[in-house]
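Numbers here are sequence positions counted from 1. Source: prediction; values computed, not measured. Both ligands and their constituent atoms are indexed starting at 1 by order of listing.
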Amino acid sequence: MNYKMFLIKYAEIGTKGKNRYVFEEILCKRMRARLKPLGKFEVKRAYGRIYIEAFSEYDYDEVISKLTGIFGIAGICPVSVVNELEYDSIAKELVAFIGREYENKNFTFKMHVRRNNKTFPIESMEMNSRLGGELLDAYENEGLSVDVHNPDVMIDVEIRDSVYIYSKIIPGPGGLPVGTNGKAVALLSGGIDSPVAAYMIAKRGVEIEAVYFHAPPFTSERAKEKVKDLARIVAKYSGPIKLHVVNFTECQLAIYDNCPHDQLTIIMKRIMFKMAEDIAKKDDCQCIVTGESIGQVSSQTTFSLGVINEAVDMDVFRPLIGLDKQEIIDIAEKIGTYETSILPYEDCCTTFVAKHPVTKPTLDLIQKSEKKLEGIIEPLYKEALETVEVINIR
Ligand code: ATP
Ligand code: MG
């Protein structure tokens with residue numbers, strides 16, 4: 001039997017004071033959109049909470065899988081609803097509910113009754129002890145016992161216009177609803193790091209667009225498909241992603257032909273960042289996101305990151321900056337991007353990489369090298385931006 005209702009717990013939104021209403025509304029909107037294909041549901045705010053009510057049959061696993069991908073949700077509680085405000089009906093359903101929910105009854109519990117509806121005649125404290133007694137009568141012989149200090153299971157009973165019984169909390173992803181914190185352009189490659197970075201920024205409520213620098217024939221159509229696949233996985237959490245595919249080949253060859261090879265990656269990254277900034281400005285994005293982490297490769301030393309940053313005025317957020325590779329992999333596995341990320345592919349940054357790239361570049365040195373591109377790179381840069389392929393990832 002499927003639940004008629006879910007109670008949605010949200011942690012951080014609750015701290016938003018006067019803005020709380022706005023955050024809740026956006027969260028409800030996200031939930032409605034995700035649930036729409038799965039059945040007939042009503043998502044509503046009531047009593048300072050969010051409820052989902054089901055008005056049709058639905059696939060439980062599908063619904064939970066959708067909800068656990070929505071940022072802003074801290075927990076999902078499947079609820080049993082009793083419409084009669086009568087002690088006997090409540091007690092009967094409570095006993096049946098615990099019977100259904102827990103095959104193994106060898107655990108401790110605590111009753112937590114809230115009587116918000118004062119027309120119900122029995123006070124919370126008395127309800128706690130009476131309902132607790134009913135459960136013990138039914139299941140004590142199977143190992144059920146009370147522990148009011150450190151229970152394994154907290155059993156909530158809320159008495160309002162109807163009565164809501166729940167005890168399980170399925171963890172949500174936390175964070176803030178996407179759309180509450182502006183918009184970012186994420187530099188998305190086919191690697192492990194950048195999809196995790198995009199996920200982490202989306203988790204803070206930021207809408208995501210993505211840019212991928214493609215360099216055919218040095219990078220294959222397959223590499224591009226892989227980036228689309230990764231964007232699709234991130235979009236399960238962030239919502240639709242507008243993916244900009246930039247043809248970077250001509251720019252890259254110009255850099256290769258004119259600049260010192262040990263500086264290629266830095267110069268290339270600076271141009272990528274600049275293009276990302278142009279795309280961001282055009283699409284009203286406030287910041288750039290990358291998957292860089294200090295020291296991972298030569299272009300990610302503090303010196304290199306500093307010189308790359310100088311290419312743009314816009315803020316560049318690097319949510320992985322202090323994480324070890326293993327910590328990043330752990331997140332990639334959790335969110336489901338890892339298996340796709342490790343498929344073999346070429347990246348334009350690695351195709352042209354020098355044997356001994358600079359690790360302590362200075363802005364002066366790099367700008368001097370970039371002088372050699374003057375008069376050559378401008379039309380290529382313009383052409384690349386004018387021929388961007390836009391793919392809407394859902
Ligand atoms: P990733 O695992 O995300 O590919 P990485 O460890 O391979 O990162 P780099 O290749 O130095 O490191 O890239 C650093 C960051 O630059 C990436 O995380 C990504 O944000 C961006 N980036 C690199 N290559 C591309 C590309 N072809 N298109 C878009 N962004 C890129
Ligand atoms: Mg990479």
J.: Check this for me - ligand 1, S194, N or O atoms closer than 3.5 angstrom, yes or no?
T.: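 Between S194 and ligand 1, an N or O pair is found under 3.5 Å apart.
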J.: Please say yes or no: joined through hydrophobic side-chain contacts below 4.5 Å, possibly via intermediate residues, are M154 and V113 part of one cluster?
T.: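 The answer is no; the residues belong to distinct hydrophobic clusters.
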J.: Near Q296, which atoms of ligand 1 are under 4.0 Å from a heavy atom of that residue?
T.: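 The list of qualifying atoms is 6 (O).
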J.: A quick test of your reading: do over 12 heavy atoms of other residues, nucleotides or ligands sit less than 6.0 Å from CZ of R222?
T.: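 No, CZ of R222 has 12 or fewer neighbouring heavy atoms, counting only those of other groups under 6.0 Å.
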J.: For ligand 1, which atoms sit closer than 4.0 Å to a heavy atom of G191?
T.: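 Under 4.0 Å from G191, ligand 1 has these atoms: 1 (P), 2 (O), 4 (O).
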J.: For ligand 1, note which part of S299 has a heavy atom under 4.0 Å away: side chain, backbone, both or neither.
T.: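 The part of S299 near ligand 1 is the side chain, not the backbone.
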J.: May I ask you to check if ligand 1 and G190 share an N or O to N or O distance below 3.5 Å?
T.: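 G190 vs ligand 1: no N/O contact under 3.5 Å.
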J.: Any heavy atom of H214 sitting closer than 4.0 Å to ligand 1?
T.: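 Flag not set, H214 not near ligand 1.
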J.: Are Y3 and Y166 an aromatic pair by the rule of ring centers under 6.0 Å?
T.: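 Not under 6.0 Å, so no.
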J.: Minimum distance, heavy atoms only, to atom 12 (O) of ligand 1: which one of Q300, M268, E292 is it?
T.: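 Looking at heavy atoms only, the winner is Q300.
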J.: For ligand 1, which atoms, with element, lie under 4.0 Å from some heavy atom of L188?
T.: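 Near L188, meaning under 4.0 Å from one of its heavy atoms, ligand 1 has 28 (N), 29 (C), 30 (N).
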J.: With a cut-off of 4.0 Å, which atoms of ligand 1 are near a heavy atom of I192?
T.: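 With I192 as reference, the close atoms of ligand 1 come out as 2 (O).
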J.: Considering distance alone, does some N or O of L187 sit under 3.5 Å from an N or O of ligand 1?
T.: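 Yes - when backbone and side-chain N and O of L187 are compared with those of ligand 1, one distance drops under 3.5 Å.
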J.: Compute both the distance and the angle, then confirm whether K236 meets the cation-pi test with Y199: under 6.0 Å from the six-membered ring centre, within 45 degrees of the axis.
T.: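 No cation-pi geometry.
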J.: Please say whether M272 places an N or O atom under 3.5 Å from an N or O atom belonging to ligand 1.
T.: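 The answer is no, given that M272 and ligand 1 share no N or O pair closer than 3.5 Å.
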J.: Taking atom OH of Y256 and atom NE2 of H261, what is their separation to the nearest 0.5 Å?
T.: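 Rounded to the nearest 0.5 Å, the OH-NE2 separation comes out at 4.5 Å.
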J.: Less than 3.5 Å between some nitrogen or oxygen of T290 and one of ligand 1, yes or no?
T.: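 In this structure, T290 places no N or O atom under 3.5 Å from an N or O of ligand 1.
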J.: Can you tell me which portion of V211 lies within the under-4.0 Å heavy-atom range of ligand 1? Options are side chain, backbone, both, or neither.
T.: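 For V211, the contact with ligand 1 is made by the backbone alone.
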J.: Check the surroundings of atom CG in L365: do more than 12 heavy atoms from other residues, nucleotides or ligands lie under 6.0 Å from it?
T.: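 Enclosed: over 12 neighbouring heavy atoms sit under 6.0 Å from CG of L365.
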J.: Checking the N or O distance criterion of under 3.5 Å, is ligand 1 in contact with G291?
T.: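 Among all N and O atoms of G291, at least one is under 3.5 Å from an N or O of ligand 1.
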J.: Given the rule that I, L, V, M, F, W and Y join up when any side-chain heavy atoms are under 4.5 Å apart, are F213 and L380 in one cluster?
T.: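 No, it is not one cluster - the side chains of F213 and L380 are not joined through contacts under 4.5 Å.
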J.: Is a donor on one side and an acceptor on the other found under 3.5 Å between the side chain of K168 and the backbone of E101?
T.: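 Checking the backbone N and O of E101 against the side chain of K168, a donor-acceptor pair under 3.5 Å is found.
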J.: Linking I/L/V/M/F/W/Y whenever any side-chain heavy atoms sit under 4.5 Å apart, do M111 and I122 land together?
T.: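 Yes; tracing contacts between hydrophobic side chains, which count when under 4.5 Å, links both residues.
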J.: What residues join L305 in its hydrophobic cluster, counting side-chain heavy atom gaps under 4.5 Å, either direct or through other members?
T.: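 Members other than L305 - counting any ILVMFWY side chain reachable under 4.5 Å - are I294, I321.
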J.: Where does V227 meet ligand 1, judged by heavy-atom distances below 4.0 Å: at the side chain, the backbone, both, or neither?
T.: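 No part of V227 is near ligand 1 at this cut-off.
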J.: Which option out of A276, S304, S189 puts a heavy atom nearest to atom 4 (O) of ligand 1?
T.: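 Residue with the shortest heavy-atom distance to the ligand atom: S189.
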